[in-house]
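Here's the structure, in structure tokens; my notes come after.
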Amino acid sequence: MKHSITVLLALLLSTTTYAQFQVSASGGYAIGSAGMKLGETQTANGIENSYGSYGEGLNAQLRGTYFFNDSFGLDLSLGYLHGDDQTVSDVNLTGYEVDAVARARAFGAAASIVYKFNTNVYARLGALVKLGGKTEAVVYQKATFSQAEADAIGVPYGSYSETNYLEDYHGQFPLGFVAALGYEYPLNENFSVFAEAEYYGISLKRKDSEITAFNTDVVLPDGTVAVRGLYTLDNLPEGTNRHTTFVDELPSDNTDSSKELAVKVPYSSFGINFGVIYKFKKAAPSHER
């Protein structure tokens, strides 16, 4: 027992005497990985699926890393994803057009184990969670009125409606993983620069959505706006719900259009990051016996 306690104290002491803490800031760009169908493109010639991942885009990270010895450390990070536009619906038909995209605006955190192969090369592996944010849909729709619709509104044939709206989608708490391989180049005793390849494996199950902006104008054939704000956020067209809840089950006789079956959307990505590291002074290893 005494021997075990002595060994444990020796390990704790050696860890404490080596301990080094460092902070880093980085930015980079990621491309989508494990893409899934996100939408469709439709023309008079046919329909084509659109694939992608909401994890594609620019990102920034702040990290703190605590090294227990020359090789192993614990890394905690906070990050922000400014995702690229992903096509949800792209319709170009006679008398009807839709341009709908969605993009991620998300905050996340990760806890990882870091292993240094040598003074330059390192690897990270850990768990990834989403802390907050949204998937923002930006929708434009143009619909030409039929003769009967134009007569009912009192505008000439060839007039059309233009609708613009924003809808924010929120997800349930997800858990994924992160892996990275990087190269660090020391500039001096305290500062280093680094480059790394990083993979995020994560998907998000939708929880709810909310329309946050909505406007429909009536436009004449010459482009003049005849009616502004025919429909607004406070006066949505029939059948359009401001709030939608996503659930796992719906009864066969469901008539509540504000509830839809939940889907998972991909946030996985593979990216390259560049950054700078600041190392605090580490305790010198003790050689006392």
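Under the 6.0 Å cut-off for aromatic ring centres, Tyr115 and Phe72 qualify, their centroids lying closer than that. Annotation: Tyr185 is not in aromatic contact with Tyr183 [ring centroid separation under 6.0 Å not met].
Contact check for Pro221 versus Pro156: side-chain heavy atoms found under the 4.5 Å cut-off. In this structure, Glu40 and Val98 have side chains that are not in contact, with every pair of non-hydrogen atoms separated by 4.5 Å or more. The side-chain heavy atoms of Val23 and Phe280, taken from C-beta on, include a pair separated by under 4.5 Å. Taking 4.5 Å as the limit, some side-chain heavy atom of Leu220 sits within range of a side-chain heavy atom of Ser159. With a 4.5 Å cut-off on side-chain heavy atoms, Arg206 and Glu260 do not count as touching.
The minimum heavy-atom distance between Tyr122 and Ala195, with the atom names listed, is OH-O, 4.4 Å. When all heavy atoms of Ala262 and Asp248 are compared, the closest pair comes out as CB-OD1, 4.1 Å. Heavy atoms only, all atoms of each residue included: Arg105 and Tyr80 are closest at CD-OH, 3.4 Å. What you find for Ser146 and Glu149 is that their closest heavy atoms are N-OE1, 2.9 Å.
In terms of hydrophobic clustering, with Ile, Leu, Val, Met, Phe, Trp and Tyr side chains grouped at heavy-atom distances under 4.5 Å, Val101 and Val88 are assigned to different clusters.
For the salt bridge (Lys or Arg N to Asp or Glu O under 4.0 Å) with Asp168, the qualifying choice from Arg242, Lys207, Lys134 is Lys134, the only one to do so.
Ring-plane geometry between Tyr165 and Phe214 is classed as parallel, the angle between the planes falling under 30 degrees on a 0 to 90 degree scale with a further cut at 60.
Annotation: Tyr157, atom OH; neighbour count of heavy atoms from other residues, nucleotides and ligands within 6.0 Å does not exceed 12. Surrounding CD of Glu249 are at most 12 heavy atoms belonging to other residues, nucleotides or ligands under 6.0 Å away. Atom NZ of Lys279 has more than 12 heavy atoms from other residues, nucleotides or ligands within 6.0 Å.
Between Arg103 and Glu136 a salt bridge is recorded (basic side-chain N to carboxylate O distance below 4.0 Å).
In this structure, Ser33 contributes its side chain and Phe270 its backbone to no donor-acceptor pair below 3.5 Å. For the pair Asp90 (side chain) and Asp99 (backbone), a donor-acceptor distance under 3.5 Å is absent. Using a distance-only test at 3.5 Å, with no hydrogens or angles considered, no donor-acceptor pair links the side chain of Thr244 to the main chain of Lys259.
A donor-acceptor pair shorter than 3.5 Å can be found between the side chains of Ser209 and Glu167. For Asp234 and Thr232, the side-chain atoms include no donor-acceptor pair closer than 3.5 Å.
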Evaluation steps, side-chain contact (heavy atoms from CB on, under 4.5 Å), between Glu198 and Arg124: CA-CA 9 Å; Glu198 185 174 48; Arg124 286 189 290 112; 2.9 Å; yes
